[in-house]
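None of these values were measured; they are calculated from a predicted model. Each chain gets a letter, A, B and so on, in the order its sequence line appears, and its residues count up from 1.
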Protein chains: 2
Amino acid sequence: MVTIESVDELERMLKVLSNPIRLKIIASLQGQPNHAYALAKQLGLSYPLAHLYLESLEHVGLIEGSRVLSIEDERERILYRLKDFRVELTPEFISKLVNSGGHN
Amino acid sequence: MVTIESVDELERMLKVLSNPIRLKIIASLQGQPNHAYALAKQLGLSYPLAHLYLESLEHVGLIEGSRVLSIEDERERILYRLKDFRVELTPEFISKLVNSGGHN
DNA sequence: CACATATATAAAGAAACTCTTATATATCAA
DNA sequence: TTGATATATAAGAGTTTCTTTATATATGTG
């Protein structure tokens, strides 16, 4: 489960989430795990953009890529899965993070 | 209570929240409502920046400014209060918004 | 071999965001 | 009338984000 323990971490995650395309990617991966190339086609994105965005989503821990062997052609591919996350944005939570000093 | 009903709205709110100074402002206002000038001094910000950020926080509905008459000097000032909000970022919530078509 | 699939990365311009400085107005106190 | 308080807005520089185009590599198919 994804946890946030500093303002810095929260900021990075919110920055990644505050983009309509990346939200679309999350919604799509919630339906089913997918590969970068297939996802790009499905959402009408260029592959480089999809790759970049998947990378940024992975960096903040919202998705996870794993090398899997395709049954069809035996080639290794990276399958991206959505991680289970629940971030509750409330005044209390934000205050707690801000007042915990910035580090952690 | 603050509610989010579209991807657009979510995106705007997350963009405003994904900034350490604006998170600090929220944490400060959670402790007590305050005026722009006093808040700027307290957090070590320039007044224009504090004003700008309070405005953006107000635009997405996270805080609320109201003209109040100061008891001390009888001058009208704008007091900013934190609104009660609870935004739960989960795969389900994001999917719901994305699949609701973008409008609403 | 040319083409589609599949991944990865770099370069570059456009757009947006960040933040300060400057300007303006108004009140109150020393 | 000078200085601190208080609000508001604009202009501009600097930084970051956004997104495409280009380049590279590798595999499998017609």
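- Between A:Ser46 and D:dT20 there is a side-chain polar atom (N or O) within less than 4.0 angstrom of OP1 or OP2.
- Counting only heavy atoms from C-beta on, B:Ile78 has its side chain closest to D:dA8 among C:dA8, C:dC17, D:dA8.
- Taking 4.0 angstrom as the limit, A:His51 places none of its side-chain polar atoms (N or O) nearer than this to OP1 or OP2 of C:dT7.
- In this model, the phosphate group of C:dT5 is approached by a side-chain N or O of A:Lys41 to a distance below 4.0 Å at OP1 or OP2.
- For D:dA6, the OP1/OP2 oxygens have no side-chain nitrogen or oxygen of B:His35 closer than 4.0 Å.
- By the 5.5 Å and 30° criteria, B:Tyr47 is stacked with the base of D:dT7.
- Of the side-chain N and O atoms in A:Arg22, one or more sit less than 4.0 angstrom from OP1 or OP2 of D:dC18.
- Criterion: ILVMFWY side-chain heavy atoms under 4.5 Å apart, direct or through other members. Under it, A:Leu54 and A:Tyr47 are not part of a common hydrophobic cluster.
- Taking the side chain of A:Tyr37 as heavy atoms from C-beta on, and the options D:dA10, D:dT5, C:dT5, the nearest nucleotide is C:dT5.
- Within 4.0 Å (heavy atoms only), B:Leu45 reaches no atom of the nucleic acid at all.
- Judged by closest nucleotide on DNA chain C, A:Arg67 is the one of A:Arg67 and A:Lys15 placed further toward the 5' end.
- Rounded to whole angstrom, the span from the CG atom of A:Asn34 across to the C1' atom of C:dT5 amounts to 14 Å.
- A:Tyr37 is not connected to A:Leu43 by any chain of hydrophobic side-chain contacts under 4.5 Å among Ile, Leu, Val, Met, Phe, Trp and Tyr, and they are in different clusters.
- For C:dC17, neither phosphate oxygen OP1 nor OP2 lies less than 4.0 angstrom from any side-chain nitrogen or oxygen of B:Asn19.
- What separates CG of B:Leu52 from C1' of C:dT21 is a distance of 14 Å, to the nearest Å.
- Of the charged side-chain nitrogens involved, at least one lies within less than 4.0 Å of a carboxylate oxygen, so that B:Lys15 and B:Glu11 count as a salt-bridged pair.
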